Amino acid sequence: MATGTDQLVGAGLVAFSSVLFTYYTLWIIALPFIDAEHVIHKYFLPREYSVIIPLVAGLVLVSFIGLFLVFVMWKSRNPKKTD
């Protein structure tokens, strides 16, 4: 069973993910249809970052997965026996 701390951390992660998803969705889908002079544009980064940030995050994720696989394969290798 999850403790109160685990539930609080889980709820915090869900809330953070929901806010991030809503922000990114508004940034990508709604913002192009709003005039560039509108005040809402000051709350969002420039559009170039909407591609750069997920690309960098994906590259970091793939790098960590690759490093993990290399580490696991290196640790599980059998040393060759010489007779």
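In what follows, every heavy atom counts, from backbone to side chain, and hydrogens, waters and symmetry copies are set aside. All values derive from a computational prediction rather than experimental measurement.
With sequence neighbours left out, Asp6 forms a side chain to side chain donor-acceptor pair (under 3.5 Å) with Thr3. Ile65 meets the side-chain contact (heavy atoms from CB on, under 4.5 Å) test with Leu61, Leu69; sequence neighbours excluded. By the side-chain contact (heavy atoms from CB on, under 4.5 Å) test, Val60 pairs with Val56, Phe64, sequence neighbours left out.
With ring centers used as reference points, Tyr49 lies 6.0 Å or more from Phe44.
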Return a table of donor-acceptor pairs under 3.5 angstrom between the side chains of residues 9-18 and protein atoms on other chains or two or more places apart.
unit_1, atom_1, unit_2, atom_2, d
Ser17, OG, Leu13, O, 2.9
Ser18, OG, Val14, O, 2.9

For residues 24-39, which side-chain donor-acceptor pairs fall under 3.5 Å, sequence neighbours excluded?
unit_1, atom_1, unit_2, atom_2, d
Tyr24, OH, Ser50, O, 2.7
Thr25, OG1, Phe21, O, 2.7
Trp27, NE1, Leu45, O, 3.0
His38, ND1, Ile40, N, 3.1

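Val51 and Ile53 are members of different hydrophobic clusters when ILVMFWY side chains are connected at heavy-atom separations under 4.5 Å.
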